[in-house]
Amino acid sequence: MLRLKPVPAAAMELVERHGDQAAGVARARRDEAMEADDAELTAYWNAVLEASEYLIEETPKPLC
């Protein structure tokens with residue numbers, strides 16, 4: 001079994017690294033897991049994707 005970061009931590013790291021593109025990165029990882037027929041990893045990346053989308057939506061944008 002892989003040792004994966006907790007979903008919230010993984011999502012925060014993706015958003016910090018990739019900004020608004022974080023959801024796309026998570027989506028690509030999820031799709032790779034789906035293609036590999038790895039249900040556990042697919043579920044993990046789907047949860048990271050949802051958390052990333054939430055963080056992107058809720059993160060205040062600069063005014064200027």
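For the atom pair L14 CG and W45 CH2, the distance stands at 5.5 Å (nearest 0.5 Å). Rounding to the nearest 0.5 Å places CZ of R29 at 12.5 Å from CG of L49.
The side chain to side chain contact (heavy atoms under 4.5 Å, CB included) search around P6 returns P8, A9, not counting sequence neighbours. By the salt bridge (Lys or Arg N to Asp or Glu O under 4.0 Å) test, E53 is found to be paired with R27, residues two or more places apart in sequence or in another chain being considered. Checked against side chain to side chain contact (heavy atoms under 4.5 Å, CB included), V7 has the following partners two or more places apart in sequence or in another chain: Y44, A47, V48, A51. In this structure, the side-chain hydrogen bond (donor to acceptor under 3.5 Å, both in side chains) partners of R30, at least two apart in sequence or on a different chain, are N46.
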